Amino acid sequence: MAQEDVFKKIVSHCKEYGFVFPSSDIYDGLAAVYDYGQNGVELKNNIKQYWWQSMVLLHNNIVGIDSSIFMHPTVWKASGHVDAFNDPLIDNRDSKKRYRADVLIEDQLGKYEEKIEKEVAKAAKKFGDAFDEAKFRATNPRVLENQRKHDDLHARFAAAMEATDLEGLKQIILDEGIVDPISGTKNWTDVRQFNLMFSTEIGASSDSASKIYLRPETAQGIFVNFLNVQKTGRMKLPFGIAQIGKAFRNEIVARQFVFRMREFEQMEMQFFCQPGTEMEWFNYWKQHRLAWHQALGMGNENYRYHDHEKLAHYANAATDIEFHMPFGFKEVEGIHSRTDFDLSQHEKFSGRQVKYFDPERNENYTPYVVETSIGVDRMFLSVMCHSYEEEQLENGSSRVVLKLPEPLAPIKCAVLPLVNKDGLPEKAQEIVNDLKFHFNTTIEAKDSIGKRYRRQDAIGTPFCVTVDGDSLTDNSVTLRYRDSMKQERVPVAKLREIIEDRVSLTSLLKKLDV
Ligand code: GAP
C-alpha cells in the first residue's frame, strides 16, 4: 500500500477510535487545529509523563515550571520573534490561495527526487539481481539530468533563503514554472514576509488595551524565570528548567494532520551551564535525547540526526532528531546550543541584571544554554504511525492493531466477562476494582469476545483478561497478549505483577542511562 494511503488510514483510525478529532467538528473543523479524544489524551499524557519524569525525576539538577501563555510584549521583541519569526508567503491571484514560497520550492525539489527514484525502481525491476544501483545512478543520463537540476535548484534556493532574498525566491518559482495546484496557473504575487505570531489585546477598555502575543514557544517563559528559579531553588550551574505547555503559530501551510498545527504543545528544557562547557552538554543532550526515543523500541533505524549547517545567529550548534514518518524522515525534536543570547537579550531589554553569581569563581556571568525542544503532537504522531498495523491472520481473517509501546497505551488492561450474566460481570468488576489503582483498567461486557478483542487491539490495549465460569471457582482467568494474541491461564492474584512490570513507565526510565 502506498505510504500516502497508510497515512490517510491512520488519520481516520485516530478519529474512529477516539484519539484525535478535528476541532469544532460539528462546524466542519478549523484548519490545523485538533482536539484529542478519550484515548488520545491518555496516550498524550503518557508521553508527557515519560518526558517529565526522564527530566525532573531522573536528574536532580533539573526542576520544572509552568509559566503563562501571555507574556509581557517586550519579551518577544527581546527574543527576536517580533522582527524575525517570519515565513515567506506568496499568493496565487487566480485561486486566491496563499502558500509558503519555500514549501513550493521544496516540493519542486521533491519532484526531481521522485523522478530519480522512479527511474531507479524501473531499472531495478527490469534488470533484477544483476542491477548495479550505484553504477546506474552514476551513469544514467535521465538520472544525471534530474540530479543536476535538483542540485542547481537547491543551491539557488539555499542562497536566497540565507540572504532573505524575497525577489530571488519569486524568480525561482517563475523559472521553475511552478504552478498553483488549484488553479494550475503561474499568476503569482510578490513574496512577502509574514509573522507567525498570533496577537490579541489585553486590558478591559480600548484606551488601556495593548497588543500582546500568544507564545510561539514555551522557552521564553523559562528564560524570564531563570533568576526566580535559580535564587529560590538555590540552584548551582549546571542546572536545567523543564516545562510542558501550549504554543501557537499561525502556520500558513496546514498539512500532515497533527504534524503542523496552529495550536500545539511543546516539552522544552533549557540547560544552563558555564560558558565554554556548552559543546560538552550539547553532545550529552544529543545522545540522551536519542536514547529517550530509542527506549520506546520503535526501531533505531527509524531515527536519524539532522545537523544544521545554517545556524540561527544566536546558535553555535543545532541538530534535529528526525523520525521516519509515512511521509519521510521528519523533525520531531530540536537540540540547540543557544549561547548566552536569550539571557543577554532579556538583560538588555528589561534593564535588570540577568546573571549567575558563581561562588567558586567569585564572579558574575551570563550562563550559556543548551535547549531540548520536542513537540508533543509530533511525538504522538510518530508513535501512532509506527504502531498502526493491518495484519493478515492465519485463519484468513485480518485485524487492525496498534502495537503501542506498552507503557504509553491509553488502557493497559481490559477485563472481559465471557457472558454478561451468571455472576461473571460481578467477578470482572471485582478484578477491575483491584487493578485500577495500579494502571488504567477498563471493563467491557457487550458483543462477542472476538469483537471485543478487536476493539481493544484497535486502541492498543496490551492485555485482555477474560473471565469465564471457571474463574468463579478456581479464581483464574485467561490472559491474552495483544501482539502475539497468545493466551494463557493465570491466577487472578498474579495479574497485577505480570502486567504492572510491563506497563509502568519505570520499565522505560530504567533503560535510560542517567
Ligand atoms: N524553542 C525552540 C523551538 O521552538 P522549533 O524547532 O521551532 O524550536 C521545536 O520547535 C519543536 O516543536 C519541533 O521540533 C516540533 O516538534 C514542534 N513544533 C514546532 N512547530 C510545530 C507545529 N506547527 N505543530 C506541531 N509541532 C510543532
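Counting convention: from 1, in listed order, for ligands and their atoms alike. Only a predicted model underlies this, so the values are computations on that prediction, with no experimental measurement involved.
Classification of the Phe239-Phe226 ring pair by plane angle, with boundaries at 30° and 60°, yields parallel. Taking the six-membered ring for Trp and thresholds of 30 and 60 degrees, Trp281 and Tyr284 have ring planes more than 60 degrees apart, a perpendicular arrangement.
On a distance-only criterion, Ala219 and ligand 1 share no N/O pair closer than 3.5 Å. Considering backbone and side-chain N/O of Val258, none are found under 3.5 Å from N/O of ligand 1.
Cation-pi geometry between Lys15 and Phe21 is not met at under 6.0 angstrom from the ring centre and within 45 degrees of the axis. Under a cutoff of 6.0 Å and an axis angle of 45°, Lys330 and Phe323 do not form a cation-pi pair.
Under the ring-ring contact (aromatic ring centres under 6.0 Å, His included) test applied with Phe257, the options Phe19, Tyr34, Phe380 reduce to a single match, Tyr34. No option in Glu389, Glu16, Glu390 other than Glu390 meets the salt bridge (Lys or Arg N to Asp or Glu O under 4.0 Å) test with Lys9.
Counting heavy atoms closer than 4.0 Å to ligand 1, residue Glu333 contributes backbone atoms (N, CA, C, O) but none from C-beta onward.
Residues meeting the ring-ring contact (aromatic ring centres under 6.0 Å, His included) test with Phe327, sequence neighbours left out: Phe7, Phe259.
Counting only heavy atoms of the protein, atom 10 (O) of ligand 1 lies nearest to Gln266 NE2, 3.5 Å. Ranking the protein heavy atoms by distance from atom 14 (O) of ligand 1 puts Glu331 OE2, 2.6 Å first. With respect to atom 17 (C) of ligand 1, the closest heavy atom belonging to the protein is Gly375 CA, 3.7 Å. Looking only at protein heavy atoms, the nearest one to atom 24 (N) of ligand 1 is Met261 N, 2.9 Å. Given atom 18 (N) of ligand 1, the protein heavy atom at minimum distance is Phe264 CE1, 3.5 Å. For atom 9 (C) of ligand 1, the closest heavy atom belonging to the protein is Ser373 OG, 3.0 Å. Protein heavy atom nearest atom 25 (C) of ligand 1, with residue, atom name and distance: Phe259 O, 3.2 Å.
The heavy atom nearest to atom 5 (P) of ligand 1, out of those in Glu217, Arg249, Glu265, is found in Arg249. The nearest non-hydrogen atom to atom 15 (C) of ligand 1, considering only Arg262, Arg378, Met379, comes from Arg378.
Close approach of ligand 1 to Glu371 (heavy-atom distance below 4.0 Å) involves ligand atoms 1 (N), 2 (C). Heavy-atom contacts of Glu268 reach the following atoms of ligand 1: 1 (N), 2 (C), 3 (C), 4 (O) (cutoff under 4.0 Å). Annotation for ligand 1: atoms under 4.0 Å from non-hydrogen atoms of Arg338 are 1 (N), 2 (C).
A donor-acceptor pair under 3.5 Å is formed between the side chain of Thr189 and the backbone N or O of Asp91. At least one donor-acceptor pair under 3.5 Å links the side chain of Asn46 to the backbone N or O of Ala409.
With no hydrogens or angles considered, no side-chain donor-acceptor pair links Asn283 and Gln287 at under 3.5 Å.
Within the structure, the closest approach of Val332 to ligand 1 falls below 4.0 Å when heavy atoms are considered. Within the structure, ligand 1 lacks Gln256 among the residues with a heavy atom less than 4.0 angstrom away.
In this structure, His59 has its ring center closer than 6.0 angstrom to the ring center of Trp285.
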